[in-house]
Each structure stands twice: as structure tokens, then as C-alpha cells.
Amino acid sequence: MDWMLFLLFLLASSGAAATGVMFKPGAWYGGLKKPGFTPPNWAFPVVWSILYVLIALAAARVAPEDHAGLAMAYFTVQIVFNTLWTPVFFGLHHMKAGLVVIGILWLAVAGTLWQFWQIDWIAGLMFVPYLVWVSVAFALNASVWWLNRHRPNAT
């Protein structure tokens, strides 16, 4: 594997991770009603750190392969929507708009997984935990929106 390529994809993932540092949940999120399956706060940075390394490793395995153009296009879309969700949800406090963003993110992650799997099944496998986590995040976003739908910015 080309480690420089891995570092570039890790840098791209770090850009997405930076939004989590810039737009923290804060008091607004703390005051929302949440479902019983909400993970503890400490789990989010731990899980995302692991996922970003896996995402970068998977992309570094696929990018140099022949016919990786479509797979890398999906990768680009998913990293863009990954980066966008945090400012929409935590920055703007728009729960329903966040749900739309994370829905598109889920589709992009599923598409990336499928495309990566076609080129390098190990890279595809590395995206499975990401899809699982985004599925949980989608359900959490939907539940938080539903439980707080009468609050300002819920729509």
C-alpha cells in the first residue's frame, strides 16, 4: 500500500473530523430529548477516530486500482456529506435538515462500500463498520428530530 496516499486520505478524513471539533454538541444538544439507544458521549470520538482510519485505509487500497473512478467519486460524495452533517445538525441546530444530509450520507457510504467491494473486497469490508455507524446515527438523528419536532429549527 502507498502510505503517502493513505496519509492524504487520512488528511481528508481529518477535515471531516474537524467539524466535530468546531461544532460541538453543547448545551443545545444536551437539552434535547434523546432515545434510549443514544451512545454515551465518549463513544463518538472513539468510534469516529477508528472509522476515519478505516476509511482512509480503504480509499488508499482502491484509489490506485484500474477503474476506480466511480468508486472514488462515491468516496468524495460521502466525505463531503460526512463533513456537512455536523455543521447542519450541531452548528445550525437543524434536525430535519440534518436528517436529509445523513440520509444522503448513508446512500453515499453504501454506494462507496459496494464500489470498493467490486474492486477490493478488503476495502469494502473496511466500510462495513462505517455503514453500521451511519445507520445508527441516522436512527438517532431521526429519533431526536421526532422527539423534539415541536422545538424551533426541528424542521
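Sequence positions, counted from 1, serve as the residue numbers for this chain. This is a predicted model, so every value here is computed, not measured.
Rounded to the nearest 0.5 angstrom, Gln118 CD and Leu70 CG are separated by 10.5 Å. Atom CH2 of Trp121 is separated from atom CZ of Phe116 by 15.5 Å, given to the nearest 0.5 angstrom. Expressed to the nearest 0.5 Å, how far CG of Leu51 lies from CZ of Phe44 amounts to 12.0 Å. For the atom pair CD1 of Ile50 and CH2 of Trp48, the computed distance is 12.0 Å after rounding to the nearest 0.5 Å. Atom OG of residue Ser13 and atom CG of residue Leu8 lie 11.0 Å apart, to the nearest 0.5 angstrom. With values rounded to the nearest 0.5 angstrom, Met72 atom CE is found 8.5 Å from Ile119 atom CD1.
By the rule that hydrophobic residues join a cluster once side-chain heavy atoms approach within less than 4.5 Å of another member, Val100 and Leu105 end up as members of one cluster. Hydrophobic clustering of Ile, Leu, Val, Met, Phe, Trp and Tyr side chains at less than 4.5 Å, counting indirect connections, keeps Leu84 apart from Val21. No chain of hydrophobic side-chain contacts below 4.5 Å, direct or via other Ile, Leu, Val, Met, Phe, Trp or Tyr residues, connects Tyr74 to Val109. Note on Leu11: it does not cluster hydrophobically with Met4, by side-chain heavy-atom contacts below 4.5 Å among ILVMFWY residues. Val136 and Val47 fall into different hydrophobic clusters, where Ile, Leu, Val, Met, Phe, Trp and Tyr residues are linked whenever their side-chain heavy atoms come under 4.5 Å apart, directly or through other members.
Aromatic ring orientation, Trp85 versus Phe89: parallel (interplanar angle below 30°, classes split at 30° and 60°).
In this structure, Leu131 and Ala110 approach most closely via the heavy-atom pair CD1-N, 3.9 Å. Scanning all heavy atoms of the two residues, the minimum distance from Phe23 to Gly91 falls at CD2-CA, 3.5 Å. The two residues Leu5 and Pro64 have their closest heavy-atom pair at CD2-CD, 3.7 Å. Looking at every heavy atom in both residues, Thr19 comes nearest to Thr83 through CG2-O, 3.5 Å. Contact record, Ala16 with Ile79: CB-CD1, 4.1 Å, taken as the closest heavy-atom pair. Closest of all the heavy-atom pairs between Val101 and Phe81 is CG1-O, 3.7 Å.
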> Checking side chain to side chain contact (heavy atoms under 4.5 Å, CB included) for the pair Leu54/Tyr130: CA distance, chi angles, key distance, verdict?
Replying inline: CA-CA 8 Å; Leu54 287 172; Tyr130 183 23; over 6 Å; no

>> Determine whether Arg151 and Trp28 satisfy the following criterion, side chain to side chain contact (heavy atoms under 4.5 Å, CB included), listing intermediate values before the conclusion.
In response: CA-CA 11 Å; Arg151 292 176 60 114; Trp28 170 79; 4.1 Å; yes

>> Walk me through whether Lys33 and Val144 qualify under side chain to side chain contact (heavy atoms under 4.5 Å, CB included).
In response: CA-CA 6 Å; Lys33 296 177 190 170; Val144 168; over 6 Å; no

>> Could you walk me through whether Ile102 and Trp106 satisfy the side chain to side chain contact (heavy atoms under 4.5 Å, CB included) test, starting with their C-alpha distance in whole Å, then the side-chain angles of each, then the deciding distance to 0.1 Å, before giving a yes or no?
In response: CA-CA 6 Å; Ile102 205 164; Trp106 190 94; 5.9 Å; no

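In this structure, the side chain of Lys34 engages the main chain of Leu32 through a donor-acceptor pair within 3.5 Å. Side-chain atoms of Asn141 come within 3.5 Å of backbone N or O of Met95 as a donor-acceptor pair.
Every residue meeting the side chain to side chain contact (heavy atoms under 4.5 Å, CB included) condition with Ala108, not counting sequence neighbours, appears here in chain and number order: Val77, Gln78.
Phe138 places a side-chain heavy atom less than 4.5 Å from the side chain of Leu99. Between Glu65 and Asp120, every side-chain heavy-atom pair lies at or beyond the 4.5 Å cut-off. The side-chain heavy atoms of Ile55 and Phe75, taken from C-beta on, include a pair separated by under 4.5 Å. Residues Leu140 and Pro35 meet the side-chain proximity criterion, which asks for heavy atoms closer than 4.5 Å.
For the pair Arg149 and Trp146, the distance from NZ or CZ to the six-membered ring centre is under 6.0 Å and the angle to the ring normal is within 45 degrees.
Around the CE atom of Met22, the shell of radius 6.0 Å holds more than 12 heavy atoms that belong to other residues, nucleotides or ligands.
The ring of Phe127 has its center no closer than 6.0 angstrom to the ring center of Trp133.
Using modelled atom types, one finds a donor on one side chain and an acceptor on the other under 3.5 Å when comparing Asn82 with Tyr52.
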